[in-house]
Structure formats: C-alpha cells, structure tokens
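These numbers were taken from a predicted model, which means no experiment stands behind them.
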Amino acid sequence: MEEKGREKAVAAMAACYQRFDPAAYLQYNYTPPRADFARKDSIVPWKLACLHRAFTEDDVSGELLVDIGSGPTLYQVLSGCEVFNKVILTDFLEVNRQELRRWLQDEAGCSLDWTPYLQHVCKLEGRRLSAWTEKAAKLRQVIADILPIDVHCSQPLAPDALPSAGADCLVSCFCLESVSPDLAAFTRALGHIWKLLRPGGHLLLIGALGESYYFGGPGVRIPVVPLNEAQVCASLKESSYTLIRLEVYTLPQDMRVGVDDVTGVFFAKARKD
C-alpha cells in the first residue's frame, strides 16, 4: 500500500505539470527584478556567480555535463559549456524540450532573450560583452541532445542515453523539490540521479528554501517541498553524496513578487565518492 501511495502522489505531481506554461514561467522568474544584472542582490546574478565559481574550480572537469530537469532555461549551463565538451539537457515536459530546441536551432519564437545572460557570464569570465555571440555558438556546438527524464524512476534516463561510466558532472536547478510530493521523494530522486554520475563526479544543485508553491502559469499553482538547509544536507548525505559546499541566498523583499512563496535559495556542490 505504501508503494501505491507513493506512485499516486508522484502521478498527482505529474498531472499538475500538464498545464505548465514555459513562457509565463520565464516571465515570472527570469526578468527583472529577479534577473536585474545591474543589482548585486538580484537572484539570477547570484545563481550565475555560484555556477561560474563551481565550473571554474579545477576539480569539476571531464567530458560530459548533464543538466537534470532543465525546464525551459539555459542559464545553468552557460559556464559549464566552457569546461565540458558535451552537454545533455533533459526535462520531463515536451513543451520545455520544445522551448530548448527552438533556441538550439536558432528559430524564431523563443520565449526569452538569453542575450543578457550570455553577456553577464562573459563578464564573469573576464571576456568582453560582445563575446556573447561566441558563447552562444559554443553552447549550440556542445549541446549534444535534449532528452526526456523522470527523476522518480530508478533509471531516470533511457538506458543508452549516457556512457556506461556515467556523466562527469550533473547540474540541477529548481527541479527535484519542485516535482517531489514530499521530502522522502526529494531524497529518493537525489538517489536516482546519483546513478547517472561517475564515481568522483560532481553534483551542482540549486534549489528553493522555504517554498511551498510556485505558479507554473496563470492560475497554475504547483506544490513544492519546503526545504531548509539542514534537510538539504541530510538528503544529500542519505543519497551517498559528499557535500563540499553549501551557500545560501535570502530573497530581498522586492524579489518576493507573488509568483511563489520562496524565502531563499541554496547552492550545493557535492561529489559522488
């Protein structure tokens, strides 16, 4: 009965996501004030700085980077594409995979202009802002595939999706807590993606703190597991990761714009030993 209850809860989460609207989600979360590159306390620049630091540390290296639950966003691999020769994006929803493919194929109709993001990461890398076109070309070159994923499955990706050794690095942003019905499911999902990572490989995890819901579109209220720092650390440990670093960002009042009830964001760098 317990297993059936878990399956039912996960199925209810999946049903919530059938009304997810990528364009609305991007507008809510990836435009000012949350993506104000002129402000040091804006949430998006903070995330990009965390990722930049992690991807430029010597221990994060290898051939293959896999983004777990990309959603309709690209910011999480803008630094990683300079380190890894191959990047795989993944998402549960076809509408999000379509959004990513439109950008990858340089088609019209993308829901967000990623130029300011590309420029900001170029600045973090000490390059001129005009180098953003080179970075965009590099990212399109290294993205090898955009695949379906289900983090609640014991094998989240198709069996032949990755080399047998696994990925050298996983990045995952606002995915696991947003698709899990409870803390136990969040922890199990961490364990499932652990199987995709080679021994010695790294997980770079960004997620919400204190969030119980967010809007995935007009009137589409999606429940979230409200995490605290101690729970994140405990779940990583239970899932056999070694935590290297945990950083926390607290949202200023004007970043709380009514599209969720998030109070903070965490960045965790962990390793599979």
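- Looking only at side-chain heavy atoms (C-beta outward), Asn85 and Leu64 stay at 4.5 Å or farther from each other.
- Side-chain contact between Asp21 and Pro218 is present, with heavy atoms from C-beta onward closer than 4.5 Å.
- When all heavy atoms of Ala35 and Tyr117 are compared, the closest pair comes out as CB-OH, 3.4 Å.
- The aromatic ring centroids of Tyr30 and Tyr75 lie less than 6.0 Å from each other.
- Residues Ser178 and Ile222 approach most closely at O-CG2, 4.0 Å, considering heavy atoms.
- Interatomic distance, Thr242 OG1 to Lys237 NZ, rounded to the nearest 0.5 Å: 10.0 Å.
- Below 30°, between 30° and 60°, or above 60°: for Trp46 and Tyr249 the angle between ring planes is between 30° and 60°, a tilted geometry.
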For a quick test of your reading: what N or O donor-acceptor pairs under 3.5 Å do the side chains of residues 146-158 make, sequence neighbours left out?
residue, atom, partner, partner atom, Å
Asp150, OD1, His152, N, 3.0
His152, NE2, Val179, O, 2.7
Ser154, OG, Lys195, NZ, 2.5

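- Here the CZ-CG distance, from Arg188 to Leu183, works out to 10.0 Å after rounding to the nearest 0.5 Å.
- Side-chain contact check for Ile43 versus Asp36: every heavy-atom pair is 4.5 Å or farther apart.
- Linking ILVMFWY residues whenever their side-chain heavy atoms come closer than 4.5 Å, directly or via other members, leaves Leu65 and Ile244 in distinct clusters.
- Under a hydrophobic-cluster definition in which Ile, Leu, Val, Met, Phe, Trp and Tyr are linked whenever side-chain heavy atoms come within less than 4.5 Å, directly or via other members, Leu227 and Tyr213 are assigned to different clusters.
- With rounding to the nearest 0.5 Å, the separation of CD in Gln253 from CZ in Arg256 is 5.0 Å.
- Leu51 places a side-chain heavy atom less than 4.5 Å from the side chain of Ile206.
- A donor-acceptor pair is defined here as one N or O able to donate and one able to accept, closer than 3.5 Å; no such pair exists between the side chain of Ser172 and the backbone of Leu205.
- Without hydrogens or angle criteria, Tyr241 side chain to Asp273 main chain gives no donor-acceptor distance under 3.5 Å.
- Once rounded to the nearest 0.5 Å, the distance linking SG of Cys169 with CD of Glu63 reads 13.0 Å.
- Linking Ile, Leu, Val, Met, Phe, Trp and Tyr residues whenever their side-chain heavy atoms come within less than 4.5 Å leaves Leu129 and Leu139 in two separate clusters.
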Should Phe186 and Leu190 be marked as a side-chain contact (heavy atoms from CB on, under 4.5 Å) after you check the CA-CA gap, both sets of side-chain angles, and the distance that decides it?
CA-CA 6 Å; Phe186 170 81; Leu190 273 172; 3.8 Å; yes
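- Put simply, the side chain of Leu196 reaches to within 4.5 Å of the side chain of Ile68, judged on heavy atoms.
- Minimum heavy-atom separation, His202 to Asp59: CE1-O, 3.1 Å.
- Salt bridge annotation for Glu82-Arg127: present, with a cationic side-chain nitrogen under 4.0 angstrom from a carboxylate oxygen.
- Evaluated for a side-chain contact (heavy atoms from CB on, under 4.5 Å) with Ser239, the options Leu203, Ile193, Thr187 yield exactly one hit, Thr187.
- Closest approach of Cys233 and Leu243 over heavy atoms only: SG-CD2, 3.6 Å.
- A donor-acceptor pair under 3.5 Å is formed between the side chain of Lys272 and the backbone N or O of Leu197.
- Side-chain contact check for Val265 versus Leu209: every heavy-atom pair is 4.5 Å or farther apart.
- Under 3.5 Å, the side chains of Ser70 and Asp91 contain no donor-acceptor pair of N or O atoms.
- Between Pro33 and Ser42, the shortest heavy-atom contact is O-OG, 2.8 Å.
- Hydrophobic clustering, with ILVMFWY side chains joined whenever heavy atoms are under 4.5 angstrom apart, keeps Val257 apart from Val262.
- Here the straight-line distance linking atom CG of Asp41 with atom OG1 of Thr250 works out to 11.5 Å at 0.5 Å rounding.
- Arg128 and Cys122 get closest at one heavy-atom pair: O-CB, 3.8 Å.
- Linking ILVMFWY side-chain heavy atoms closer than 4.5 Å, directly or via other members, places Val83 and Leu162 in a single hydrophobic cluster.
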Trp114 and Lys135: CA distance, side-chain angles, deciding distance, side-chain contact (heavy atoms from CB on, under 4.5 Å) verdict:
CA-CA 11 Å; Trp114 291 102; Lys135 178 171 277 294; over 6 Å; no
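- The backbone N or O of Ser240 sits less than 3.5 Å from a side-chain atom of Trp194, completing a donor-acceptor pair.
- A salt bridge is absent between Arg221 and Asp260; no separation between the charged side-chain nitrogens and carboxylate oxygens falls under 4.0 Å.
- Atoms CG and CG, on Leu74 and Leu118 in that order, are 8.0 Å from each other to the nearest 0.5 Å.
- Atom NZ of Lys138 has more than 12 heavy atoms from other residues, nucleotides or ligands within 6.0 Å.
- A donor-acceptor contact under 3.5 angstrom links the side chains of Ser111 and Glu99, judged on distance only.
- Salt bridge status for Lys269 with Glu247: absent, with no side-chain N to carboxylate O gap under 4.0 Å.
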Please report the C-alpha distance between Val142 and Lys86 in whole Å, then the side-chain angles of each, then the deciding distance to 0.1 Å, and finally whether the side-chain contact (heavy atoms from CB on, under 4.5 Å) criterion is met.
CA-CA 5 Å; Val142 300; Lys86 185 177 177 182; 5.9 Å; no
Full working for side-chain contact (heavy atoms from CB on, under 4.5 Å) between His52 and Leu48:
CA-CA 6 Å; His52 167 71; Leu48 290 173; over 6 Å; no
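- You'll find the side chain of Met13 reaches within 4.5 Å of the side chain of Pro223, heavy atoms only.
- Checked for salt-bridge contact, Glu94 and Arg101 meet the test: a charged N lies under 4.0 Å from a carboxylate O.
- The closest donor-acceptor contact from the side chain of Gln231 to the backbone of Asn228 lies under 3.5 Å.
- When each of Val220, Val259, Thr73, Leu112 is tested with Tyr25 by the rule side-chain contact (heavy atoms from CB on, under 4.5 Å), just one qualifies, namely Thr73.
- The distance between the ring centers of Tyr214 and Tyr28 does not fall below 6.0 angstrom.
- Between Phe55 and Phe84, the angle of the ring planes goes over 60°, which puts this pair in the perpendicular group of the 30/60° scheme.
- In this structure the side chain of Leu124 never reaches within 4.5 angstrom of the side chain of Ser79, judged on heavy atoms.
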